[in-house]
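A short write-up of the structure that comes next.
Letters A, B, ... mirror the listed sequences (proteins, then strands); counts begin at 1. Computed from heavy atoms alone, side chains included, the values below leave out hydrogens, waters and symmetry copies.
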Amino acid sequence: MKDKPLKDFENLGLAPILLENLRRLGMTSPTPIQAHAIPSVVAGRDLLGLAQTGTGKTAAFGLPMLTRIIAQNRRPEARQIRALVLAPTRELANQISESLNAYAEGAPVRVFRVVGGASINVQAQRLQRGVDVLIATPGRLIDLMDRRAIDLSQTGYLVLDEADQMLDIGFIHALRRIARALPQEDRQTLMFSATMPKLMNDLCAEYLTDPVRVEVAPPGRAAERIDQGVHFVSQGDKAALLAEYLSAHTDEKAVVFGRTKHGADKLGKLLDRWGFSVASIHGNKSQGQRERALAAFRDGEVKVLVATDVAARGLDIPLVEHVYNYDLPNVPENYVHRIGRTARAGRSGRAVAFCAPAEVVDLRAIEAAMKSRIPVIGGEAPSAEVAAAATAALRQSRRNAQQARSGGGPRPAKAATPSGQKPAKPKAAKPARSAANAGNGGGEARPSRKRRGGAARG
DNA sequence: AAAAAAC
């Protein structure tokens, strides 16, 4: 079977109504992961799918699962659901829900999605009537379980998308609780992951029974169609450098990744002031803002999307030409996920990483994880001494910030200062705040083309 | 150390 990939969906054992819908959607031939996964899942096997996003994962689990549910033809009772799909972000859950709804149109299957940021009562009411396929983010699902709005005891299918992200602390506890509420015996479990860290083996052993393993591309390797490069630059010169890159391709779409919510927000506002067509998305924005930003970017209304790692995984946005790693990710695997936002559906793309001296250590970790070097396309790598000093300085400043936060609460009365005012410094040598260093206040000018030189060399 | 996911 593996030597002879199937040319169309006809002989994979899918329900006729799904085949009709696939024709209508213009999906003619299965992708490799679909061709290999669908027959096994239709046959009831557990599955471990190792695949990058954009390889057709959603249809690979969705079509055979819907086929089995249609064939069983059993209505769920109140609050019961028959299949559960878990995703790590709300946007990913939305995307999966839209795809499954399209595949299942006209079929006697009810697909529903529950995520945070929307009324829980409306969702609970809908669950009261029973649901066939539920797509959920872990936080909201736990909330619904606590309210006894959902009954997972008859749920025969569990799908974990982006399972490697479910290993994160905070997710893993939720996942364990959810998995305990499902049947342990008569359950088919499907797991998908782009990377295979060691802990994933434990998760597989815990939840999969004699799984079929389908691997469509070496995990952890960046897609070959992505033209990658790294540009060494001082932290302070990053914004101006980004503006130069963006100005060279103003009619093309770009995703810019930052490390923190605050940083991404600030950068989005700065680019907006500089006249770029930009939207930003991160976890501190309301769900409405997140969805509007994504929609505007998807439609091409805005050309630049500034994001945190909330958008690193799985999101399928057509025609993204550029990915900028404005800050390098601190989880090396996320580099591969981030650059995977470009070069989708057979197209090519370009990924530029900005690397400040303090990030050289992150860069090397990424290269080690990918087992390949990223070509240098600009700037000059700082010496080992400069990089080490910058890394140490950054760690120290983060420790200080951490201390300031934890010490910011109620403090002993001793040495109290008027609120909002800093205690006087021992050496009052700091010059008065001048217009030149007054920060990113208001009428900041677009940076000149000529960058300030040599800041990275220390 | 940060982001995500719940109010």
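OP1 or OP2 of B/dA6 has not a single side-chain nitrogen or oxygen of A/Arg177 nearer than 4.0 Å. Using a 4.0 Å cut-off, no side-chain N or O of A/Arg147 falls inside it from OP1 or OP2 of B/dA6. Neither OP1 nor OP2 of B/dA4 sits under 4.0 Å from any side-chain N or O of A/Thr137. At the phosphate of B/dA5, neither OP1 nor OP2 sits under 4.0 Å from any side-chain N or O atom of A/Thr89.
Rounded to an integer number of Å, the gap from A/Asn284 CG to B/dA4 C1' is 11 Å. Rounded to whole Å, the distance from CG on A/Asn330 to P on B/dA3 is 8 Å. In this entry the distance linking CD of A/Gln287 with P of B/dA4 reads 11 Å, nearest Å. Following rounding to the nearest Å, A/Asp327 (CG) and B/dA1 (P) show an atom-to-atom distance of 17 Å. Atom-to-atom, CZ of A/Arg90 to C1' of B/dA4 comes out at 9 Å; the value is rounded to the nearest Å. Regarding A/Leu175, its CG atom lies at a distance of 13 Å from the C1' atom of B/dA5, rounded to whole Å. Rounded to an integer number of Å, the gap from CG of A/Leu160 to P of B/dA4 is 21 Å. Atom CD1 in A/Ile172 sits about 17 Å away from atom P in B/dA5, given to the nearest Å.
Which of B/dA3, B/dA6, B/dA2 sits closest to the side chain of A/Thr308 comes down to B/dA3. Each of B/dA4, B/dA3, B/dA6 was ranked by its minimum atom distance to the side chain of A/Ile142; first place goes to B/dA6.
Contact annotation for A/Gly283: backbone-only contact, meaning every heavy-atom pair under 4.0 Å involves sugar-phosphate atoms and none involves a base. Heavy atoms of A/Arg395 sit nowhere under 4.0 angstrom from any nucleic acid atom. Within 4.0 Å of A/Asp168, counting heavy atoms only, lies at least one base atom of the nucleic acid. Within 4.0 Å of A/Asp309, counting heavy atoms only, lies no atom of the nucleic acid at all.
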Only pairs under 3.5 Å count here: list side-chain donor-acceptor contacts from residues 127-138 of chain A, not counting sequence neighbours, and write none if there are none.
from, atom 1, to, atom 2, distance (Å)
A/Gln128, OE1, A/Arg79, NH1, 3.3
A/Asp132, OD2, A/Arg110, N, 2.8
A/Asp132, OD2, A/Arg110, NE, 3.4

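The CE atom of A/Met191 lies 10.5 Å from the CZ atom of A/Arg213; values are rounded to the nearest 0.5 Å.
Aromatic ring orientation, A/Tyr245 versus A/Phe354: tilted (interplanar angle from 30° to 60°).
One finds a salt bridge joining A/Arg177 and A/Asp146 here, because a Lys/Arg side-chain nitrogen approaches an Asp/Glu carboxylate oxygen to under 4.0 Å. Salt-bridge annotation for A/Glu291 and A/Arg90: absent, with no side-chain N of the basic residue lying under 4.0 Å from a carboxylate O of the acidic one.
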